[in-house]
There are 2 protein chains.
Amino acid sequence: MKEIEKTLENKSVRPTAMRILIYKYMAEKEIAVALTDIENAFAKADRTTLYRTLKTFEEKGIVHQIDDGTNISKYALCEPGCNCEIEQDLHLHFHCNNCDETVCLTEHKIPQVNLPDGYVAEDANLVIKGICEKCSGR
Amino acid sequence: MKEIEKTLENKSVRPTAMRILIYKYMAEKEIAVALTDIENAFAKADRTTLYRTLKTFEEKGIVHQIDDGTNISKYALCEPGCNCEIEQDLHLHFHCNNCDETVCLTEHKIPQVNLPDGYVAEDANLVIKGICEKCSGR
DNA sequence: TTAAACCGTGCAACGGAAGTGCATTTATCG
DNA sequence: CGATAAATGCACTTCCGTTGCACGGTTTAA
């Protein structure tokens, strides 16, 4: 718990109770979460607060936003040392068509792609869809 | 014009006036279009019709849906011989951070990715974001 | 040919999610 | 303690995707 406080402070985010709880919630979940998920988990909290908390976390590099093709923004904690903004650091995401969960495959980086002349890459997003470990029965 | 009719019929879609127009519009545009784009282009047509037309087109393999990370579904015509459903055929998409346009890079396929044990890939989506040819000034 | 079935289209409305403005509370600093 | 800024909560708006229903034209079957 104290660790979370420290983590937030290191990223220059004030460790309020709400923020610590949200961080904790995301740390326990191993999958990417949507705003609605957090909303349901914390019935007490207002959606706006959660919304802005996620925005703040994202700006400060605490979480990264994931677009898994469901048209619902998901978020996941950045691994220690994750530099989302650097292209080489971009890992891919896996979305399960069965359980509808999205996970970070942190170890799997997005392969380098050669673009046509004139195109400049700044960011990349790769989502693989299929059946996840849990649902495939290994 | 007659060609479009034929194309639609070949895909077992009845070539109504509306559908031909929409097809024509998408063929002329070289970028992926959102429902709203079409809506603005055809002020007369109802949103629902366009929506369902796109759905139909998608089911019949005339267009493919593109998720470029803007949380707005875009659509683009399939190239002749495009088999969107087959993983090997998946091309990548480029979204320009400047002009906000999304294009298909049909020639650029999504590289094969090794997944952890237990994960089964069925589909993939790769979007590169950056500056497009037009905006980079070559 | 006429009736029935089907399909395409249009109108209205709903629901979910993102986002904004403003008031209020809470924390920080002098 | 008081002033200032940050965080939170409430209300509301907008946008997009989606659905239900009704009308009209076209196709199909008797």
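Per chain, numbering begins at 1; letters A, B, ... match sequence-line order.
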Enumerate the protein-to-nucleotides 13-18 of chain C contacts in which both atoms are nitrogen or oxygen and the separation is below 3.5 Å.
| unit_1 | atom_1 | unit_2 | atom_2 | d |
| --- | --- | --- | --- | --- |
| C/dA17 | OP2 | A/Thr36 | OG1 | 3.4 |
| C/dA18 | N7 | A/Arg47 | NH2 | 3.3 |

*Consider only side-chain heavy atoms of I, L, V, M, F, W and Y, link residues closer than 4.5 Å, and tell whether A/Leu90 and B/Val127 are in one cluster.*
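Different clusters.
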*asked:* With clusters defined by side-chain heavy atoms of hydrophobic residues (ILVMFWY) lying less than 4.5 Å apart, directly or transitively, does B/Ile72 cluster with A/Ile72?
replied: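 No, it is not one cluster - the side chains of A/Ile72 and B/Ile72 are not joined through contacts under 4.5 Å.
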*asked:* Tell me whether the count of non-hydrogen atoms from other residues, nucleotides or ligands lying under 6.0 Å of CD in B/Glu9 goes above 12.
replied: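 It does: B/Glu9 CD has more than 12 such atoms within range.
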_Can you confirm whether more than 12 heavy atoms, excluding those of A/Asn10, are under 6.0 Å from its CG atom?_
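Above 12, so yes.
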*To the nearest 0.5 Å, how far apart are NZ in A/Lys2 and CD1 in A/Ile20?*
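So the NZ of A/Lys2 and the CD1 of A/Ile20 are separated by 8.0 Å.
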Nucleotide [N], atom [atom2] - distance to [atom1] of [X] in whole Å:
X       : N      : atom1 : atom2 : answer
B/Glu58 : D/dG17 : CD    : C1'   : 13 Å
B/Ile20 : C/dT9  : CD1   : C1'   : 15 Å
B/Asp68 : D/dC16 : CG    : C1'   : 14 Å
A/Glu39 : C/dG19 : CD    : P     : 15 Å
A/Glu5  : C/dA27 : CD    : C1'   : 14 Å
B/Glu9  : D/dT27 : CD    : P     : 11 Å

_One pair to check against ring-ring contact (aromatic ring centres under 6.0 Å, His included): B/Tyr119 and A/Phe94. What are the steps and the verdict?_
CA-CA 9 Å; B/Tyr119 287 86; A/Phe94 187 92; 4.8 Å; yes
*With A/His64, the side chain to side chain donor-acceptor pair (under 3.5 Å) member among A/Glu79, A/Lys74, A/His91*: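 Filter result, single survivor: A/His91.
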Every protein N/O lying under 3.5 Å from an N/O of nucleotides 6-8 of chain D:
| unit_1 | atom_1 | unit_2 | atom_2 | d |
| --- | --- | --- | --- | --- |
| D/dA6 | O3' | A/Arg14 | NH2 | 3.4 |
| D/dA7 | OP1 | A/Arg19 | NH1 | 2.8 |
| D/dA7 | OP1 | A/Arg19 | NH2 | 3.2 |
| D/dA7 | O5' | A/Arg19 | NH2 | 3.4 |
| D/dT8 | OP1 | A/Thr16 | OG1 | 2.7 |

*Is the closest basic N to carboxylate O distance between A/Lys24 and A/Glu28 below 4.0 Å?*
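Looking at A/Lys24 and A/Glu28, the cut-off is met.
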